[in-house]
Amino acid sequence: MPVARLDTRALISVSGPDCRSFLHNLLTQDVTTLADGEVRYGALLGPQGRLLFDLFLFGRAEAVLIDCAEIQRDDLIRRLRLYRLRLAVQIETDPRPVLAAWGDARPEWPSDPRLPGLGRRSPGPAEADAGPEAWRAHGLAHGVPDTEDFTVDSDYPIDCDLDLLNGIDFQKGCFIGQEVTSRMKRRGRIKSRLVPIRFDGTPPAMGTEILNGDLRAGEVRGGLDGVAMAMLRLDRLAGDLTAAGRPVRVDLPDWLVLTA
């Protein structure tokens with residue numbers, strides 16, 4: 001089975017005596033207990049609880065490696081340095097690639113923390129025989145969204161399924177945007193979620209409106225031929241859905257438990 005080099009991802013090294021407590025106080029994920037060799041999924045939110053960066057955290061003995069979208073790496077570094085203040089923390093780029101494997105490939109790598117069926121993930125170097133497109137198709141086959149499906153500083157992490165994909169530790173205490181995130185989860189007032197949709201042919205353009213009859217149900221996000229992610233209202237999933245006049249249908253995976 002393939003090993004994919006994810007050229008759409010990039011690494012940041014966060015090191016120094018205060019690196020774990022620094023990240024722990026910012027991110028949705030527990031960083032203080034992150035073991036050497038372990039990987040966890042999390043996010044950095046804005047003060048109003050909206051999603052800014054989703055990311056993976058690789059534990060190292062004296063550092064934490066952050067795996068983020070390549071196009072967001074410079075912005076994430078700037079924001080982390082803004083929060084650093086006088087803490088003993090070094091924040092630098094790491095030139096190694098990010099790789100993902102599934103099936104029987106690379107069983108020694110740590111498991112993708114979002115979903116067991118996704119496979120494994122690791123910083124490079126390693127031989128790769130596939131690219132990010134193959135990994136994207138694998139993720140969509142499991143109904144799992146990726147960074148390209150999120151609208152930065154607009155979506156909430158729960159709308160983007162991070163609570164169902166082990167991206168939010170609700171027991172860890174404070175993080176930026178915690179109050180809004182915890183309130184949404186506690187009250188169960190989740191109106192929309194990212195869900196996979198199926199259709200014939202190429203995906204509708206990102207942002208294409210999805211209608212349930214004459215009512216707006218949501219919009220298309222990223223996708224490939226035959227499958228895409230869509231941000232849809234939970235009270236309008238049933239019925240005849242169309243995008244740009246084409247029929248689409250919701251295809252919920254078992255892990256995606258909806259609360260209307």
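Model, not experiment: these values are computed from the prediction. Hydrogens, waters and symmetry mates play no part in the numbers below; they use all other heavy atoms, side chains included. For reference, positions follow the sequence shown, starting with 1.
Proximity of L44 to F175: side-chain heavy atoms (C-beta onward) are nowhere separated by under 4.5 Å.
Among residue pairs with one or both ends in residues 43-93, those qualifying as ring-ring contact (aromatic ring centres under 6.0 Å, His included) are Y41-F56; sequence neighbours excluded.
Ion pairing between a basic and an acidic side chain is recognised when a charged N comes within 4.0 Å of a carboxylate O; R216 and E209 show such pairing. A salt bridge is absent between R246 and D200; no separation between the charged side-chain nitrogens and carboxylate oxygens falls under 4.0 Å. Between R73 and D94 no salt bridge is recorded (no basic side-chain N to carboxylate O distance below 4.0 Å). Ion pair D251/R249 not flagged as a salt bridge, since none of the NZ, NE, NH1 or NH2 atoms sits closer than 4.0 Å to an Asp/Glu carboxylate oxygen.
Ring geometry for W102 against W135 counts as tilted: the plane angle lies between 30° and 60°, on a 0 to 90° scale.
A side chain to side chain contact (heavy atoms under 4.5 Å, CB included) with S182 is found for exactly one of R186, M184, E179, namely R186.
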| query | Could you walk me through whether S13 and R60 pass the side chain to side chain donor-acceptor pair (under 3.5 Å) check? | reply | CA-CA 10 Å; S13 173; R60 294 295 182 264; over 6 Å; no
| said: Could you walk me through whether D155 and R50 satisfy the salt bridge (charged side-chain N to carboxylate O under 4.0 Å, His left out) test, starting with their C-alpha distance in whole Å, then the side-chain angles of each, then the deciding distance to 0.1 Å, before giving a yes or no? | reply: CA-CA 6 Å; D155 292 339; R50 299 184 186 274; over 6 Å; no
| request: Report the C-alpha separation of R136 and D149 in whole Å, then their side-chain angles, then the decisive distance to 0.1 Å, and conclude whether the salt bridge (charged side-chain N to carboxylate O under 4.0 Å, His left out) test is met. | output: CA-CA 11 Å; R136 173 64 164 163; D149 302 312; 2.7 Å; yes
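Residues that satisfy the side chain to side chain contact (heavy atoms under 4.5 Å, CB included) test with P253, not counting sequence neighbours, are P196, W255, L256.
Atom CG of D254 has 12 or fewer neighbouring heavy atoms from other residues, nucleotides or ligands inside a 6.0 Å radius. The environment of Q48 atom CD is sparse: at most 12 non-hydrogen atoms of other residues, nucleotides or ligands sit within 6.0 angstrom.
Between R5 and L99, the closest heavy-atom pair is CA-CD2, 4.1 Å.
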Taking only distance into account, with no hydrogens and no angle test, what donor-acceptor pairs under 3.5 Å do side-chain atoms of residues 112-123 form with protein atoms, sequence neighbours excluded?
{"unit_1": "D112", "atom_1": "OD1", "unit_2": "R114", "atom_2": "N", "d": "3.0"}
{"unit_1": "D112", "atom_1": "OD1", "unit_2": "R114", "atom_2": "NE", "d": "3.0"}
{"unit_1": "D112", "atom_1": "OD2", "unit_2": "R114", "atom_2": "NH2", "d": "2.9"}
{"unit_1": "R120", "atom_1": "NE", "unit_2": "A105", "atom_2": "O", "d": "3.1"}
{"unit_1": "R120", "atom_1": "NE", "unit_2": "R106", "atom_2": "O", "d": "2.9"}
{"unit_1": "R120", "atom_1": "NH2", "unit_2": "G103", "atom_2": "O", "d": "2.7"}
{"unit_1": "R120", "atom_1": "NH2", "unit_2": "A105", "atom_2": "O", "d": "2.7"}
{"unit_1": "R121", "atom_1": "NE", "unit_2": "D67", "atom_2": "OD2", "d": "2.6"}
{"unit_1": "R121", "atom_1": "NH2", "unit_2": "D67", "atom_2": "OD2", "d": "3.2"}

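At a cut-off of 3.5 Å, with distance as the only test, no side-chain donor of S192 or D159 sits close to an acceptor on the other residue. Between T33 and D30, the side chains place a donor N or O and an acceptor N or O closer than 3.5 Å (distance only, hydrogens not considered).
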